Amino acid sequence: MKIYLKALVFCVSTLLFACDDIIEEDLSNDIVQTIYPTEGSVIESNVVSFSWNELDGADDYRVQVYDLNQVKVHDTLVNKTYISLPLTQGGYQWRVRGENSAYQSTYSFPIYFEVEETLILTNQQVFLTSPLNNYITNNVNISLNWDNLAAAEFYNLEIVKNSSLIVYQSGDITDTNFTLGNTILDEDAIYTWKVKAINNTNSTETVFSSRTLSIDTVVPNQPQNTLPANNSSQSSATTINFSWTIPADSGLVQSSISYTIEIASDTAFSNILQTSNVNGTNFSQSFSTVGDYYWRIIAKDAAGNVGTASNSFKFTIN
């Protein structure tokens, strides 16, 4: 009996500690203290740096920015106490609240500030729009795009291969886009594209804004089926675990690989019964209809390269 009571006490204590770990602090009556911008601030830049004090119990912070028509122009969740956001000229209000998985604090009182256009580019920034950072593709014809800066007379574009080799540079671009081709993206590699704005009249410029993109033209290797074994027999209404392997990619850029498993009723796969997309090298499926089935795997990488399908394996449902 004593042993039973000790075990019960231990279990209850363990549960209490476990519950305590997942109990979130109630933020409902709390408020985040803002730092910047302050009421009436005039910011001579196209990017505004917002900051606030940490709130005990908050895991994230939601920042909202409204224009003078009360249209929400930004609604961003971050896990830090600062963020920089792009804004065009005009008046705005901003507020912030703390959040955790169970509670939200009260929003801070809306704070009014103004963004003012200036011909001085020193404190401004070029905002790159597409492609997204860390873009991976097998197509070398890529359009680079960025937002216009009113004070910019020209844009300087640099393309850097594998972090060190400048393969293209131009300082007199007047458009806000530029198309790359195989003369610049001449091999599989990681490329960094960098843009800065220049105003020669007042001799000011922004710092470079940069993103990376990767060219990967190497086709994934052919997968190799593992289970169920070729010509194996399986019981109906039971879960069959499929698995396969694939040789390591030999390309200079290692794109992530996903798979398609095809299950057919004939060896030529002219009658495909099921197609499923899988991220890993395992898949489970149950079969209730007896008969012969065939399965194969096709690998596709994040750049869009599609490999040769694996050899088909046959299994029989009894």
Side-chain angles (χ1 to χ4, degrees), residues 128-145 159-165 167 179-193 210-232 234 238-287 292-315 317:
L128 311 180
T129 55
S130 65
L132 296 175
N133 196 28
N134 300 318
Y135 178 64
I136 300 177
T137 182
N138 57 6
N139 184 2
V140 296
N141 297 310
I142 301 174
S143 177
L144 307 178
N145 299 275
I159 310 297
V160 183
K161 182 195 296 185
N162 294 330
S163 302
S164 58
L165 178 63
V167 294
T179 301
L180 304 175
N182 57 11
T183 57
I184 300 174
L185 307 178
D186 58 352
E187 64 176 341
D188 286 12
I190 298 174
Y191 296 86
T192 302
W193 60 288
S210 65
R211 288 182 178 179
T212 64
L213 61 89
S214 298
I215 301 299
D216 180 6
T217 59
V218 176
V219 173
N221 289 304
Q222 183 183 33
Q224 299 170 356
N225 299 1
T226 306
L227 293 174
N230 197 21
N231 296 315
S232 62
Q234 309 290 330
T238 60
T239 299
I240 299 176
N241 295 316
F242 297 85
S243 64
W244 55 93
T245 61
I246 189 170
D249 191 347
S250 59
L252 295 175
V253 177
Q254 304 293 318
S255 302
S256 60
I257 296 177
S258 59
Y259 303 92
T260 298
I261 179 170
E262 294 180 340
I263 300 172
S265 61
D266 64 298
T267 185
F269 282 78
S270 58
N271 183 30
I272 297 176
L273 303 174
Q274 179 177 322
T275 299
S276 299
N277 297 320
V278 185
N279 289 325
T281 55
N282 297 276
F283 178 76
S284 297
Q285 177 70 48
S286 60
F287 296 82
D292 294 335
Y293 295 86
Y294 300 84
W295 69 283
R296 66 183 181 183
I297 301 296
I298 301 170
K300 179 179 180 179
D301 65 23
N305 302 298
V306 180
T308 302
S310 67
N311 295 324
S312 65
F313 274 21
K314 172 186 174 183
F315 64 95
I317 299 296

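The first residue in the sequence is number 1, and the count goes up from there. Since the structure is predicted, the reported quantities are computational estimates derived from the model, not experimental observations.
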- Task: Please determine, by modelled atom types, if N145 and T129 share a side-chain donor-acceptor pair under 3.5 angstrom.
- Result: no

- Query: Between P228 and Q234, what is the shortest heavy-atom contact and its length?
  - Reply: CB-NE2, 3.6 Å

- Query: Taking C-beta and beyond as the side chain, do N225 and I297 meet within less than 4.5 Å on heavy atoms?
  - Reply: yes

- Roughly how far apart are I159 CD1 and S210 OG, rounded to 0.5 Å? 11.0 Å

- Message: On a heavy-atom basis, which atom in I215 and which in E187 lie closest, and how many Å separate them?
- Response: CB-O, 4.2 Å

- Query: What pair of heavy atoms forms the shortest contact from A302 to S255, and how long is it?
  - Reply: N-CB, 3.9 Å

- Item | Residue pair L180, Y191: steps toward the side-chain contact (heavy atoms from CB on, under 4.5 Å) verdict | CA-CA 11 Å; L180 304 175; Y191 296 86; over 6 Å; no

- Could you tell me whether K161 atom NZ has more than 12 heavy atoms of other residues or ligands within 6.0 Å of it? yes

- Task: Tell me, yes or no, whether the heavy-atom count around N141 atom CG, taken from other residues, nucleotides or ligands under 6.0 Å, exceeds 12.
- Result: yes

- Heavy-atom check, side chain of D216 versus side chain of N138, under 4.5 Å: no

- Query: Counting only N and O atoms by type, is there a donor-acceptor contact under 3.5 Å from the side chain of D188 to the main-chain atoms of T217?
  - Reply: yes

- Applying side-chain contact (heavy atoms from CB on, under 4.5 Å), run through I184 and W193 and close with a yes or a no. CA-CA 11 Å; I184 300 174; W193 60 288; over 6 Å; no

- Note on the structure: Rounded to the nearest 0.5 angstrom, the CD-OG1 distance for Q285 and T239 is 8.5 Å

- Query: Would a 4.5 Å heavy-atom cut-off, applied to side chains only, mark L144 and L213 as touching?
  - Reply: yes

- Message: Return the OG to CG distance between S256 and D301, rounded to the nearest 0.5 Å.
- Response: 7.5 Å

- Say you draw a straight line from CD1 of I190 to CD1 of I136; how long is it, rounded to the nearest 0.5 Å? 8.0 Å

- Query: Does the side-chain contact (heavy atoms from CB on, under 4.5 Å) test come out yes or no for Q222 and N311, once each step is laid out?
  - Reply: CA-CA 9 Å; Q222 183 183 33; N311 295 324; 3.8 Å; yes

- Can you tell me how far the CD1 atom of I272 sits from the OH atom of Y294, to the nearest 0.5 Å? 14.0 Å

- Message: Hydrogens and angles aside, do S284 and N241 bring a side-chain donor and acceptor to less than 3.5 Å of each other?
- Response: yes

- Note on the structure: Correct closest heavy-atom pair for N305 and V218 would be ND2-O, 3.4 Å

- Kindly check if the number of other-residue, nucleotide or ligand heavy atoms within 6.0 Å of CG (L273) is above 12? yes

- Item | Heavy-atom pair with the smallest gap, counting every atom of N221 and I246 | O-CD1, 3.2 Å

- Taking the side chain as every heavy atom from C-beta outward, state whether T260 and V278 have any atom pair closer than 4.5 Å. no

- What heavy-atom pair brings D249 and V253 nearest, and what distance separates the two atoms? OD2-O, 4.1 Å

- Task: Answer yes or no: is there a donor N or O on one side and an acceptor on the other, between the side chain of N182 and the main chain of L185, under 3.5 Å?
- Result: no

- Heavy atoms, side chains only, cut-off 4.5 Å: are S232 and F313 in contact? no

- Query: Is there a side-chain contact between V167 and D186, using heavy atoms and a 4.5 Å cut-off?
  - Reply: no

- Message: Between S310 and W244, does the side-chain contact (heavy atoms from CB on, under 4.5 Å) criterion hold? Intermediate values first, please.
- Response: CA-CA 9 Å; S310 67; W244 55 93; over 6 Å; no

- Query: Going through the checks in order, is the side-chain hydrogen bond (donor to acceptor under 3.5 Å, both in side chains) test met by S258 and N279?
  - Reply: CA-CA 5 Å; S258 59; N279 289 325; 5.1 Å; no

- Message: Measuring only between side-chain heavy atoms, which start at C-beta, is R296 closer than 4.5 Å to P223?
- Response: no

- OG on S276 to CD1 on I261, rounded to 0.5 Å: 7.0 Å

- Item | Y259 and F283: CA distance, side-chain angles, deciding distance, ring-ring contact (aromatic ring centres under 6.0 Å, His included) verdict | CA-CA 10 Å; Y259 303 92; F283 178 76; over 10 Å; no

- Does a side-chain heavy-atom distance below 4.5 Å link T267 with K314? no

- Parallel, tilted or perpendicular: rings of F315 and Y293 (30°, 60°): parallel

